[in-house]
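Working notes, beginning with the structure itself.
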Amino acid sequence: MTLHNAPSVTYPLGRSLFLALMLLGCWLMAAGVTLWWWRSAPPGDWRPLLGGLSWLLAGLVMAAGWHRSPAGELHWDGEDWFWDSEAWRDGSALLPPQVVLDLQSAMLLRLGNPAGGVWWLWAERAAWPARWLDLRRAVHAPRKPADLQVSDDGDKPAA
């Protein structure tokens, strides 16, 4: 069996519409619960007001977190992964990304660097549909061991 690494690919990652819609859905469900609590509370009860303020604060935190999510490009050169963005212009080396959730048109990736930093980013097909399958192949493909050498007959690894 001959092992091959997936072909190189560059894919943009950044603010995810999918994530924004999930956050908005959760925030609207929380609004419904808060409104139900407000209507079912006795008159003059201050706790639903505190719940409403907490709901507004949670919405602001979610919006700020989504707006500040890292944006850049994920590169696979056939051997190693790199992250390139405004903050990391030189292309930071990464550990191989882990696919945490794969929804076919969106993937939640866990990106880690050798220093121990971790980013959780959504990759979406809508960002670059022509390269989506290339990215999927690259993140799901088993990596060829770097020390694997092929003998002259091309089918068996050298001992």
If you take all heavy atoms of [X] and [Y], which pair is closest and at what distance?
X	Y	result
L13	A123	CD2-CB, 3.4 Å
E124	L19	OE2-N, 4.4 Å
A138	A6	CA-CB, 3.6 Å
L111	W83	CD1-CE3, 4.2 Å
S85	A71	CB-O, 3.1 Å

Inset, instruction - List in chain and number order the residues that pass ring-ring contact (aromatic ring centres under 6.0 Å, His included) with Y11, two or more places apart in sequence or in another chain; answer none if no residue qualifies. - result: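 Only W132 meet the ring-ring contact (aromatic ring centres under 6.0 Å, His included) criterion with Y11.
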Inset, instruction - Would you mind telling me which of L121, L101, D102 makes a side chain to side chain contact (heavy atoms under 4.5 Å, CB included) with M107? - result: D102
Rounded to the nearest 0.5 Å, what separation is found between the [atom1] atom of [X] and the [atom2] atom of [Y]?
X	Y	atom1	atom2	result
R68	R15	CZ	CZ	11.0 Å
E73	W128	CD	CH2	7.5 Å
L17	M22	CG	CE	11.0 Å
L60	W27	CG	CH2	8.0 Å
R125	Q104	CZ	CD	8.0 Å
L49	S54	CG	OG	9.5 Å

Give the cluster check for [X] versus [Y]: same hydrophobic cluster or not, with ILVMFWY residues linked at side-chain heavy-atom distances below 4.5 Å.
X	Y	answer
L135	V99	yes
W81	L108	no
L103	W66	yes
L133	F18	no
M62	L56	yes

Report yes if the side chains of [X] and [Y] come closer than 4.5 Å at any heavy-atom pair, otherwise no.
X	Y	result
T10	R131	no
L53	L57	no
L74	L109	yes

Inset, instruction - Decide if atom CZ of R47 counts as having more than 12 heavy atoms of other residues, nucleotides or ligands within a radius under 6.0 Å. - result: no
Counting only pairs under 3.5 Å, give me each side-chain donor-acceptor contact of residues 29-43, with atom names and distances, residues two or more places apart or in other chains.
residue: T34; atom: OG1; partner: A30; partner atom: O; Å: 2.8
residue: S40; atom: OG; partner: W36; partner atom: O; Å: 3.0
residue: S40; atom: OG; partner: W37; partner atom: O; Å: 3.3

